> 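Got a structure for you, written out below as C-alpha cells; questions coming shortly.
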Amino acid sequence: MTEATARREQDRDDLLWFVEQFALLLTEAGMPRMAARVFAYVLAEDTDEYTAADLATGLRVSAAAISGSTRYLVDAGLLSKERRPGARSDHFRIDDHDVWSAIFSQRAPMLRRWEECIAEGVELLGDDTPGGRRLAETKAYFHYLSNEFPKLLAGWRRYRDSLFG
C-alpha cells in the first residue's frame, strides 16, 4: 500500500468517525439514526451531489438503508432532490451556501403556526387558569422568537461574512 493510498484510507476513516459522532448528536435531538448519518455525511464529505448508491457506498451501508433516509431529509428540507433528463437515479444535494441559515429559515413559518395555534388555545381556555397562563406564556415566547429570528439571521450573516468573506 502506498503512502498516498494509506492517507486516503485514513481520511475516509476520519470522515466516517466524524459522521458517526455528529449523527449521534442529531439522533439525540430526535432525527432518525440513518437519516442523521446521511445528513452528517453530506455535510462533511467533499462531493456536491450524491445518488443513493453514492451514499450507500460512502457510508458502507446497503442501498435499501438510504431510501427512507433521503426521503426524510428531503421532506424536512435538509436535502434537495433532483432528477436529470434521461437519468435513472435521483441526485441529492445540500444547500452548501450558508447551510444552517437556510435550514433554520425553513423553520420560521412553523414558529408562526405554533403561535397561532397556541393563541387559539388561550382564547378557548382563557388566561385566568394555570393552563391558560402557561399557554399565554408559550404564545409570547413563540411571538418573541418569530420577531427576533430575522435579526438573529442578519447578525449571523454579518458574522459569517466577517469570518468567510
Side-chain angles (χ1 to χ4, degrees), residues 11 14-52 54-56 58-59 61 65-84 87 89-125 127 131-165:
D11 288 348
D14 290 346
L15 170 68
L16 292 177
W17 181 88
F18 166 77
V19 165
E20 295 304 326
Q21 301 314 301
F22 191 52
L24 282 174
L25 293 176
L26 294 171
T27 301
E28 289 173 7
M31 186 180 286
R33 175 126 174 82
M34 186 54 69
R37 291 178 72 202
V38 169
F39 181 73
Y41 182 79
V42 171
L43 184 66
E45 212 272 337
D46 291 338
T47 305
D48 289 333
E49 63 182 47
Y50 307 83
T51 63
D54 296 333
L55 294 168
L59 287 166
V61 299
I66 298 298
S67 177
S69 299
T70 53
R71 186 172 37 257
Y72 173 90
L73 293 167
V74 168
D75 289 347
L78 300 174
L79 289 183
S80 62
K81 178 171 78 169
E82 303 169 354
R83 177 142 324 177
R84 303 226 169 81
S89 299
D90 292 326
H91 290 259
F92 301 95
R93 67 175 45 247
I94 192 168
D95 178 4
D96 67 354
H97 175 74
D98 198 5
V99 62
W100 290 104
S101 181
I103 289 169
F104 280 91
S105 290
Q106 292 171 3
R107 304 301 187 265
M110 178 181 61
L111 294 175
R112 289 279 185 218
R113 288 194 308 273
W114 287 4
E115 181 185 348
E116 291 166 2
C117 179
I118 292 166
E120 288 178 22
V122 171
E123 187 174 318
L124 286 170
L125 302 175
D127 60 3
R133 282 192 297 279
R134 285 191 296 271
L135 287 178
E137 183 177 332
T138 302
K139 176 184 168 283
Y141 177 76
F142 286 117
H143 181 77
Y144 175 81
L145 285 180
S146 294
N147 287 335
E148 292 299 312
F149 190 71
K151 297 177 214 169
L152 180 66
L153 282 179
W156 157 246
R157 288 182 178 123
R158 283 189 305 275
Y159 179 67
R160 181 181 180 276
D161 289 347
S162 75
L163 294 175
F164 305 109

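All residue numbers in this chain count up from 1 along the given sequence. A quick note: this is a predicted structure, and the numbers were derived from the prediction, not measured.
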> Please determine whether salt bridge (charged side-chain N to carboxylate O under 4.0 Å, His left out) holds for the pair Arg112 and Glu115, giving the CA-CA distance in whole Å, both sets of side-chain angles, and the decisive distance to 0.1 Å.
CA-CA 5 Å; Arg112 289 279 185 218; Glu115 181 185 348; 3.4 Å; yes
> Using a strict threshold of under 4.0 Å (side-chain N to carboxylate O), is an ion pair present between Glu148 and Lys151?
yes
> Is there any ring pair (Phe, Tyr, Trp, His ring centres under 6.0 Å) pair reaching into residues 28-51, and which pairs are they, with sequence neighbours excluded?
Phe39-Trp100, Tyr41-Tyr50
> What residues, two or more places apart in sequence or in another chain, satisfy salt bridge (Lys or Arg N to Asp or Glu O under 4.0 Å) together with Glu49?
Arg84, Arg93
> Could you point out which residue of Leu78, Asp75, Leu55 forms a side-chain contact (heavy atoms from CB on, under 4.5 Å) with Thr70?
Leu55
> Can you list every ring pair (Phe, Tyr, Trp, His ring centres under 6.0 Å) pair that touches residues 143-165, not counting sequence neighbours?
none
> Hey, is CD on Gln106 packed in by over 12 heavy atoms from elsewhere, all under 6.0 Å?
yes
> Do Ile66 and Leu59 touch side chain to side chain, with heavy atoms closer than 4.5 Å?
yes
> Who are the side chain to side chain contact (heavy atoms under 4.5 Å, CB included) partners of Arg83, not counting sequence neighbours?
Asp90
> Enumerate, atom names and distances included, each donor-acceptor pair closer than 3.5 Å involving a side-chain atom of residues 25-36, sequence neighbours excluded.
unit_1	atom_1	unit_2	atom_2	d
Thr27	OG1	Ala23	O	2.8
Arg33	NH2	Glu20	OE1	2.9

> Working to the nearest 0.5 Å, report the span between CG of Leu16 and CG of Asp11.
11.0 Å
> Can a donor-acceptor pair be found, under 3.5 Å and without considering hydrogens, that links the side chain of Asp54 to the backbone of Thr51?
yes
> State, to 0.1 Å, how close Ser69 and Val38 come at their nearest heavy-atom pair, and which atoms those are.
CB-CG2, 3.9 Å
> Indicate yes or no: at least one non-hydrogen side-chain atom of Leu15 is less than 4.5 angstrom from one of Asp46.
no
> Working to the nearest 0.5 Å, report the span between OG of Ser89 and NZ of Lys81.
11.5 Å
> Suppose we screen for side-chain hydrogen bond (donor to acceptor under 3.5 Å, both in side chains). Which residues come up paired with Arg157, at least two apart in sequence or across chains?
Ser101
> With sequence neighbours left out, which residue pairs that include part of residues 101-111 fulfil the salt bridge (Lys or Arg N to Asp or Glu O under 4.0 Å) condition?
none
> How close do Leu153 and Ser105 get, heavy atom to heavy atom, and via which atoms?
CD1-OG, 3.2 Å
> Who are the side chain to side chain contact (heavy atoms under 4.5 Å, CB included) partners of Ala136, not counting sequence neighbours?
Val122, Asp127
> Can you tell me which residue pairs pass the side chain to side chain donor-acceptor pair (under 3.5 Å) test with a partner in residues 131-140, sequence neighbours excluded?
none
> Specify the closest pair of heavy atoms between Val19 and Arg37, including all atoms of both residues, with the distance to one decimal.
CG1-O, 3.5 Å
> When rounded to the nearest 0.5 angstrom, what is the spacing between CG in Asn147 and CG in Leu111?
10.5 Å
> Report the C-alpha distance between Val99 and Leu43 in whole Å, list the side-chain angles of each, state the deciding distance to 0.1 Å, and finish with yes or no for side-chain contact (heavy atoms from CB on, under 4.5 Å).
CA-CA 9 Å; Val99 62; Leu43 184 66; 4.1 Å; yes
> Phe22: what forms a ring pair (Phe, Tyr, Trp, His ring centres under 6.0 Å) with it, not counting sequence neighbours?
Phe18
